[in-house]
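Here the structure is laid out as structure tokens; the discussion comes afterwards.
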Amino acid sequence: QVQLVESGGGLVQAGGSLRLSCAASGRTFTNVDMGWYRQAPGKEREFVAMTRWSWRGYNSDYADSVKDRFTISRDNASNAVYLEMNSLKPEDTAIYYCNVQVAAAVPVDYWGQGTQVTVSS
């Protein structure tokens with residue numbers, strides 16, 4: 001079965017950096033989209049960043065709120081996806097979830113357990 005294991009969250013001061021990691025197992029992950037969502041208390045889950053597969057290669061997509069500050073990358077050899085977060089702001093505080101989106105007859109989403117990121121002012 002598919003498992004997504006996240007790590008790298010923690011407490012950081014505004015302006016600092018964190019690197020989140022997500023290790024995936026249980027199936028082939030090369031031809032899937034992998035990325036990150038986040039959810040703050042009392043708020044809806046929101047898109048953060050995604051690496052999208054196509055025959056031309058991988059493309060990266062970012063939410064406007066994190067563009068130019070966050071960088072997403074993936075390592076297919078180790079079935080991992082990363083999120084480098086720089087210039088963190090208090091509004092980045094949330095639980096960050098690793099996400100895998102599989103295009104199939106019935107589209108499937110897989111989620112990690114989440115890792116807490118707290119940015120102090």
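Computed over heavy atoms, backbone and side chain alike; hydrogens, waters and symmetry mates excluded. Residue numbers start at 1 and run along the sequence shown.
To the nearest 0.5 Å, atom CG of residue Leu83 and atom OG1 of residue Thr115 are 11.0 Å apart. How far CZ of Phe47 is from OG of Ser65: 9.5 Å, rounded to the nearest 0.5 Å. Residue Thr118 holds its OG1 atom at 11.0 Å from CG of Asp92, rounded to the nearest 0.5 Å.
Using a 4.5 Å cut-off between side-chain heavy atoms of Ile, Leu, Val, Met, Phe, Trp and Tyr, with links allowed through other members, Val100 and Val2 fall into the same hydrophobic cluster. The hydrophobic clustering, which links ILVMFWY residues whose side-chain heavy atoms are closer than 4.5 Å, places Tyr37 and Tyr62 apart. No single ILVMFWY cluster, assembled from side-chain heavy atoms under 4.5 Å apart, contains both Met50 and Val32. Note on Val108 and Trp53: separate hydrophobic clusters, where clusters join Ile, Leu, Val, Met, Phe, Trp and Tyr whose side-chain heavy atoms are under 4.5 Å apart, directly or indirectly.
Residues Ser21 and Arg19 have side chains in contact (heavy-atom distance under 4.5 Å, counting atoms from C-beta outward). Between Leu88 and Phe70 the shortest side-chain heavy-atom distance falls below 4.5 Å. With a 4.5 Å cut-off on side-chain heavy atoms, Tyr82 and Asp75 count as touching.
Across Gly8 and Leu18, no two heavy atoms sit closer than the pair O-CD2, 3.8 Å. Scanning all heavy atoms of the two residues, the minimum distance from Leu4 to Cys22 falls at CB-SG, 4.0 Å. Shortest non-hydrogen contact noted between Gln101 and Arg52 is OE1-NH1, 4.1 Å. A pairwise comparison of heavy atoms in Asn86 and Glu84 identifies OD1-OE2, 3.6 Å as the closest pair. Nearest heavy atom pair, residue Ser121 against residue Ala14, reads CA-CB, 4.5 Å. Annotation for Ile72 and Gly35: closest pair CD1-CA, 3.7 Å, computed over non-hydrogen atoms.
Only one option out of Asn79, Thr51, Asp33 pairs with Arg74 in a side chain to side chain donor-acceptor pair (under 3.5 Å); it is Thr51. Screening Val48, Asn99, Val66 against Trp36 for a side chain to side chain contact (heavy atoms under 4.5 Å, CB included) leaves a single residue, Val48.
Gln3 is linked by a side chain to side chain donor-acceptor pair (under 3.5 Å) to nothing, counting only residues two or more places apart in sequence or in another chain.
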Given the rule in the side chain to side chain contact (heavy atoms under 4.5 Å, CB included) test, do Thr93 and Gln116 qualify, once you have shown the distances and angles that lead to the verdict? CA-CA 8 Å; Thr93 296; Gln116 177 70 48; 4.0 Å; yes
Would Glu46 and Arg38 count as a side chain to side chain contact (heavy atoms under 4.5 Å, CB included) if you check the C-alpha gap in whole Å, the side-chain angles of each, and the deciding distance to 0.1 Å? CA-CA 5 Å; Glu46 66 174 353; Arg38 68 186 182 186; 2.6 Å; yes
Apply side chain to side chain contact (heavy atoms under 4.5 Å, CB included) to residues Tyr96 and Glu6 and explain how you reach the verdict. CA-CA 9 Å; Tyr96 284 70; Glu6 299 152 314; 5.9 Å; no
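For residues 108-121, there are no salt bridge (Lys or Arg N to Asp or Glu O under 4.0 Å) pairs, not counting sequence neighbours.
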